[in-house]
Asker: 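Mind looking over this structure? Questions follow.
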Amino acid sequence: MELQALFDDSDDDTPELQQPRSPIITVMGHVDHGKTTLLDRIRSANVVSGEAGGITQHIGAYQVEKDGKTITFIDTPGHAAFTKMRARGAQVTDIVVLMVAADDGVMPQTIEAISHARAAEVPIVVAINKIDKDNADVPRVMAQLAENQLTPEAWGGETIVVEMAAQSGLGVDDLLEQLSVVSEVGELTANPTGRAKGIVLEAQLDIGRGPVATVLVDKGTLKVGDPIVAGAAWGKVRALINDKGQQIKEAGPSTPVQVLGLSAVPGAGDEFRAAPNEKTARTVAESREQRYRTLNQRGDARVQRGVKLEDIFTQIQAGEVATLNVIIKADVHGSLEAVTESLRKLERDEVRAAFVHRAVGAITENDIALAAATNATLIGFNVRPDRKVRDLAEAEGVEIRTYEIIYKLIEDIEKAMKGMLAPEFEEVVTGEAEVREVFKSPKVGAIAGCVVRTGVITRGSKVRFLRDGTIIWKGAIQSLRRFKDDVREVREGFECGLSLSDFQDLKQGDLIETYELRELARD
């Protein structure tokens, strides 16, 4: 019962227990476009000086207050960590702030960030930074955003764009206000009562403090002394340390906090839960550890998230519009556009190609992470992955297809799409029989004495029963006889007796039409 209680989320969505929570903001963008400088300005703490070369080395999570309201920020070192959590089913952010430098414009990594944010299905607020630079060109950045389907509000679109200079603090308050507005529209709430659960953002082994995990509380309240399980690690919360380095006694929803007291280092993206007692936490963690060990020994440790081209057809069988998610990497822009346009021409009503990400350059680990999170097939044109990327793709179950000839690429995708198309059938009438007499049998009920007028009547065939040219019943032939013998089929000109699966209202002069559905080739 205690194990069941640990995973019982029935109270999480109880309306009367919901309370407003802080929005969780992830800052993304091209390197050196001002992500950490913005957070530094917001927190009024010099984070950059503590980083090697001013580049963020790990995920940091910080809380700031604006007009009495708290906002939680996550600073990512790259998109892989952001998307890896998404691939594990963890939604760790509510809004993405996309940083674009006014002097640099939209760069390859910016486009990558847009793709990752779209894959996570979260709103994007654009911050055009460094507008105080001499070579800043805001209209050019606006145009580049519009080209990437982020049309600014000033241009009649729906994307909120804030012009700012993080270094001097210009526009930072405006950005915070816009984030508050977007979060209010989203009506973000959580249940702060009960045992806590959430996501491990990062974790490491600290020589002096042991395993340390930075977690983000999703629901409930995490308290010092709580038994806890995170992935295959467990323990009792010895201390909680907030983003300012202060020890606190509890952490509610949307609060990032460092946890001390775990038995081992959990993985980034692992879920954590407060347990009813230490025994339950230990039992769950040890059973997970055993399962991981068994999977590794069997070689089954990799998680098959990727979808191969041939497997997409299952979507149609479930009655859905089949979507082929693709990530395209090419050697030059010309190739990229040619491949994109060719794939678009192959779309049908039942099948569409969704371009998760398109870019010029080699296939990277970020591409693999995005493909894993979105079940996408990765297509490389005149580019190839290195060994490290191939190994990661294999571990994540991501399919990579590389081509050097565009016709071969189109041919392969076309074949896959034809396989994905819902089969189209035509009805072919195989036989027609006229009811001449009706007999009654105590075992099978009404039996039609017929003469086959055209074609062949076959036992088990699909049947349309017509009276005065109107279909009054559809079903199948249950039994078919010639005199007293059961037969498989009766041909034109011969007499037979037949009974229908669940239809008894037989009359002289009725017509029985048999037919079959034949699949048509699609092109």
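None of the values given here were measured: they were computed from a predicted structure.
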Asker: Where the side chain of D391 meets the backbone of K388, is there a donor-acceptor pair that is under 3.5 Å apart?
Answerer: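 It does not hold such a pair.
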Asker: Please name all residues satisfying side-chain hydrogen bond (donor to acceptor under 3.5 Å, both in side chains) with S254, sequence neighbours left out, ordered by chain then number.
Answerer: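 S254 satisfies side-chain hydrogen bond (donor to acceptor under 3.5 Å, both in side chains) with R21 only.
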Asker: Just grab all the salt bridge (Lys or Arg N to Asp or Glu O under 4.0 Å) pairs involving residues 246-264, residues at least two apart or on different chains.
Answerer: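 Of all non-adjacent pairs touching residues 246-264, none passes salt bridge (Lys or Arg N to Asp or Glu O under 4.0 Å).
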Asker: Could you check whether any side-chain heavy atom of L170 comes within less than 4.5 Å of a side-chain heavy atom of D132, counting everything from C-beta outward?
Answerer: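 SC-SC contact between L170 and D132 ruled out.
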Asker: Where is the tightest heavy-atom contact between N325 and A354, given as atom of each residue plus distance?
Answerer: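 The pair with the smallest heavy-atom distance is OD1-CB, 3.3 Å.
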Asker: Could you list the residues that satisfy side-chain hydrogen bond (donor to acceptor under 3.5 Å, both in side chains) with K69, not counting sequence neighbours?
Answerer: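 K69 satisfies side-chain hydrogen bond (donor to acceptor under 3.5 Å, both in side chains) with E184 only.
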Asker: Are any side-chain N or O atoms of N277 and backbone N or O atoms of K279, one a donor and one an acceptor, separated by less than 3.5 Å?
Answerer: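 The answer is yes, because a donor-acceptor pair under 3.5 Å joins these two groups.
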Asker: Counting only heavy atoms not in E153, do more than 12 fall under 6.0 Å of its CD?
Answerer: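 For E153, atom CD is crowded (more than 12 foreign heavy atoms under 6.0 Å).
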Asker: Determine whether a donor-acceptor pair (N or O, by modelled atom type, separation under 3.5 Å) exists between the side chain of Q144 and the backbone of V106.
Answerer: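 Checking the backbone N and O of V106 against the side chain of Q144, a donor-acceptor pair under 3.5 Å is found.
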Asker: For residues Q63 and N242, determine if any side-chain heavy atom of one lies less than 4.5 Å from a side-chain heavy atom of the other.
Answerer: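 Sidechains of N242 and Q63: no contact.
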Asker: When you measure from the side chain of T214 to the backbone N and O of L201, does any donor-acceptor pair fall under 3.5 Å?
Answerer: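 Such a contact is absent between T214 side chain and L201 backbone.
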Asker: Any donor-acceptor pair under 3.5 Å linking the side chain of N129 with the backbone of A101?
Answerer: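 Between the backbone of A101 and the side chain of N129 there is no qualifying donor-acceptor contact (under 3.5 Å).
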